[in-house]
Amino acid sequence: MMVRINDILDAINIYLPEADTGLVEKAYVFSAKMHAGQKRLSGEPYLSHPLAVSYILAELKLDLASIAAGLLHDAVEDTLATTEELAEMFGKDVAFIVDGVTKLSKLQFQSSLYKQAENIRKMILAMSKDIRVLLIKLADRLHNMRTLEFQKEIKQKAIAAETLDIYAPLASRLGIDWIKQELEDLSFKYLYADDYADLKARVEERLGQRKAYVEEVKDMIARRMAEYAFSCRVLGRPKHLYSIYRKMNTRNLPLEQIYDLMAFRIILKSTKECYEALGIVHSLWKPVPGRFKDYISLPKANMYQSLHTTLIGPDGERMEVQIRTDEMDQVAREGIAAHWLYKEGRILTKESTKSFEWLNQLAEWQRELQDPREFLESVKMDLFPNEIWVLTPAGEVKEFPRGATLIDFAYAIHTEVGHHCSGAKLNGRLVQLNHEMQTGDVVEITTSPRHVPSRDWLKFAKTGKAIARIRQWIKTEERSKSMALGKELCEKEFKRHRIDFNEALKNKGAEMTQWFSFKHPDDLLLSVGYGKISQVQLVKRYMKEVLKVKGEAEFWEDVVKAKPNEKEGMITINGLDNIMTHISRCCNPVPGDDVIGYITRGRGITIHRTTCSNVKNIDPERKVEIDWGTGEGYIYPVKIETLAIDKKGILAEVSNVISSTETNISDARVKIRPDGIAVLTFIVDVTGTEHLRRVISGIRRCDGVTQVRRVVSKIS
């Protein structure tokens, strides 16, 4: 049902009864005019979207400028309206918010990955200046996810993946639990449709069976609290589907072994009563050791406060109980919106802004990451909710994601402390820098001016700040070394031709730089050091252009240019084809895979899958964007592993299915496990991922086959 402007005004009137809603009504009229005639994929008028977004903002009890911006949030992107026009009509606040949520759709990017990275980078910078940008972006994404069914499947999956990686964690960091849960469940629905439908049906069935159990537990808690004269509310709520699915996968458990499908909540009047109630429930049922968390004395970064304990309840089943006050419960549901002060015409207080200092830090160190993959990986990592708390020797509390190590702690203190970290003490004893911290640890870092970052640190650093600072140091160091190497190689090669390179660079440096489209001679030396161009190529060009030498001095083609290997098809790199490339044997990419190129010294460009562990920590300056050509006429070996019930003729049956897809089998092996499962391994020749999909799909239909997967490993 389409939201109406009156619905929004009624919602505003509940929490701002005396407010003048003229700004919102004016924004509605302008939005209706600008979006007139536009339709959504659902067939509804486009205006239904900004109306729905604004209603969500009213549910969050935001100020009038936010709700007006919600009505206008697509005006600049999808109509002829300009930011300047909005500023003149609705004020600078509204115009800034709208600009912050507007995508960079009118600019051209090297790839969709660059476009995604730059849009998120723009949003982070804008929301670090005004948190309302993020709140409107979340409302926008929530409504788009609610109507995602009208998109094509490939776009559904792309949007759902981005939502799960970026927007749901952002909602979590702001403490808006209901938006986070709905975004996660909707993403789950589109990314893993079969798993979602199956789990939804099974959970509903189990909850139906356990209704009496839930009521029994609630009644027992209420009666025991009444005995101690506590006035409280006791609630029982089912956990959302994605949290159950995540627990099943991370702990490798079937649904039948997930006992805490319900979380029980006790809501009291004061903090003192919360701690007393904890003792009461512990006397009622036995607590599970190690499963108690005190988020009241150590609140989460998103202001969440509560006591969590896991108990062995009736019938010996585990159950989670959360204990909090009314105010804490409101914050748990609404997050930062529960403390929103713009609606009262005042800016956020210093105390309130502490709850999202992480956002300013995120914006600060993301500026340093230019590579789009590094940037997106770092953002995703930093958006995971902080789950552990450790202490400095002075008693200051520091928050980190689970799995963070001592090197993360060092960089959290200061960049220079991280750079010169030489050792660490954990609870008074010396430990390795890769040691993972746990809640309650006391950490002390020792430094030495002789110690500098190592590339190995990237293997166990977990926070975006640590990774960005380490990479920045390595990049600066490698740049310096590569520049020195480039100069040395040029000096030797020019000397071989009886030319003084330094004199040549001094007199003709600007021309030499322009030959290869660089802006500065340092970039030229750096490219020689990295192997992007060769010193031989440079001296030949110099001899031809400056000394006018013929014959051997003819201009050499770029060292990385040559006839492509036939197995690789036509590959385009930054718009250029006919480039010497090598497909990596460690991950065996094929056309259709998401790939990245790595510039090697003297061997052209090696192509890896973007998920390959061997390219995770390589120098970003050696990475290049790759586009596969059609690949027609070329074949690529791929290893496929199939698990099937051992029976006579299973190898022949699967082999026939592969052959029926016009696929050559270059190797086939069978191994029988002790449990009676046959492991069939094939190396097949395919033309790309679509061909591979047809092969795997055919194998899956074979009777007795339980699992088929592509094996990413070296093919001998």
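Values in this document were obtained by computation on a predicted structure and should not be read as measured data. Note: hydrogens, waters and symmetry copies are ignored here, and every other heavy atom, side chains too, is used.
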*May I have the step-by-step check of side-chain contact (heavy atoms from CB on, under 4.5 Å) for L60 and I179, ending in yes or no?*
CA-CA 10 Å; L60 290 170; I179 289 184; 4.2 Å; yes

Would you say [X] has more than 12 foreign heavy atoms packed within less than 6.0 Å of its [atom1]?
{"X": "D194", "atom1": "CG", "result": "no"}
{"X": "E416", "atom1": "CD", "result": "yes"}
{"X": "K398", "atom1": "NZ", "result": "yes"}

Which atoms form the tightest heavy-atom contact between [X] and [Y], and what is the distance?
{"X": "L268", "Y": "C274", "answer": "CD1-CA, 4.0 Å"}
{"X": "I67", "Y": "L62", "answer": "CD1-O, 3.7 Å"}
{"X": "F460", "Y": "L433", "answer": "CE1-O, 3.8 Å"}
{"X": "V53", "Y": "D140", "answer": "CG2-CA, 3.7 Å"}
{"X": "Q305", "Y": "I296", "answer": "NE2-O, 3.0 Å"}
{"X": "S187", "Y": "L164", "answer": "OG-N, 3.8 Å"}

Do [X] and [Y] touch side chain to side chain, with heavy atoms closer than 4.5 Å?
{"X": "S243", "Y": "L241", "answer": "no"}
{"X": "E153", "Y": "K157", "answer": "yes"}
{"X": "E184", "Y": "F188", "answer": "no"}
{"X": "T309", "Y": "Q322", "answer": "no"}
{"X": "I8", "Y": "I12", "answer": "yes"}
{"X": "V442", "Y": "V390", "answer": "no"}
{"X": "I467", "Y": "Y411", "answer": "no"}
{"X": "D7", "Y": "Y55", "answer": "yes"}

*Decide yes or no on side-chain contact (heavy atoms from CB on, under 4.5 Å) for M437 and F409, but give the supporting numbers first.*
CA-CA 9 Å; M437 301 179 291; F409 184 94; 3.8 Å; yes

Rounded to the nearest 0.5 Å, how far apart are [atom1] of [X] and [atom2] of [Y]?
{"X": "L142", "Y": "E59", "atom1": "CG", "atom2": "CD", "value": "8.5 Å"}
{"X": "K200", "Y": "E205", "atom1": "NZ", "atom2": "CD", "value": "13.0 Å"}
{"X": "N144", "Y": "Q151", "atom1": "CG", "atom2": "CD", "value": "8.0 Å"}
{"X": "Y167", "Y": "L134", "atom1": "OH", "atom2": "CG", "value": "9.0 Å"}
{"X": "L51", "Y": "S54", "atom1": "CG", "atom2": "OG", "value": "6.5 Å"}
{"X": "L138", "Y": "I56", "atom1": "CG", "atom2": "CD1", "value": "10.0 Å"}

Expected output: side-chain [X] to main-chain [Y] donor-acceptor under 3.5 Å:
{"X": "T163", "Y": "I159", "result": "yes"}
{"X": "S422", "Y": "T446", "result": "yes"}
{"X": "Y190", "Y": "A161", "result": "no"}
{"X": "T21", "Y": "V24", "result": "no"}
{"X": "Q181", "Y": "H240", "result": "no"}
{"X": "H282", "Y": "G279", "result": "no"}
{"X": "S283", "Y": "I280", "result": "yes"}

Could you tell me whether the side chains of [X] and [Y] share a donor-acceptor contact shorter than 3.5 Å?
{"X": "T415", "Y": "R469", "value": "yes"}
{"X": "D195", "Y": "Y245", "value": "yes"}
{"X": "R324", "Y": "Y304", "value": "yes"}
{"X": "N434", "Y": "T405", "value": "no"}

*Who passes side-chain hydrogen bond (donor to acceptor under 3.5 Å, both in side chains) against D441, sequence neighbours left out?*
N427

*Check side-chain hydrogen bond (donor to acceptor under 3.5 Å, both in side chains) between D219 and all other residues, then give those that pass, not counting sequence neighbours.*
R223

Salt bridge or not for [X] and [Y], using N-O below 4.0 Å?
{"X": "K269", "Y": "D326", "value": "no"}
{"X": "K218", "Y": "E215", "value": "yes"}
{"X": "R291", "Y": "E320", "value": "no"}
{"X": "R146", "Y": "E182", "value": "yes"}
{"X": "E436", "Y": "R402", "value": "no"}
{"X": "D329", "Y": "R333", "value": "yes"}
{"X": "D408", "Y": "K465", "value": "no"}

*Stepwise side chain to side chain donor-acceptor pair (under 3.5 Å) check, Y275 with D294*: CA-CA 10 Å; Y275 285 101; D294 185 350; 2.9 Å; yes

*Under the side-chain contact (heavy atoms from CB on, under 4.5 Å) criterion, do M319 and T310 qualify, and how do the steps go?*
CA-CA 6 Å; M319 60 184 193; T310 302; over 6 Å; no

*Answer with yes or no after comparing the ring centroid distance for Y295 and H308 against a 6.0 Å cut-off, counting only values under it.*
yes

*Walk me through it: do R224 and E227 pass the test salt bridge (Lys or Arg N to Asp or Glu O under 4.0 Å)?*
CA-CA 5 Å; R224 182 57 65 96; E227 289 175 14; 3.5 Å; yes

_side-chain contact (heavy atoms from CB on, under 4.5 Å) for L311 and V281? Distances and angles first, verdict last._
CA-CA 8 Å; L311 308 166; V281 294; 4.2 Å; yes

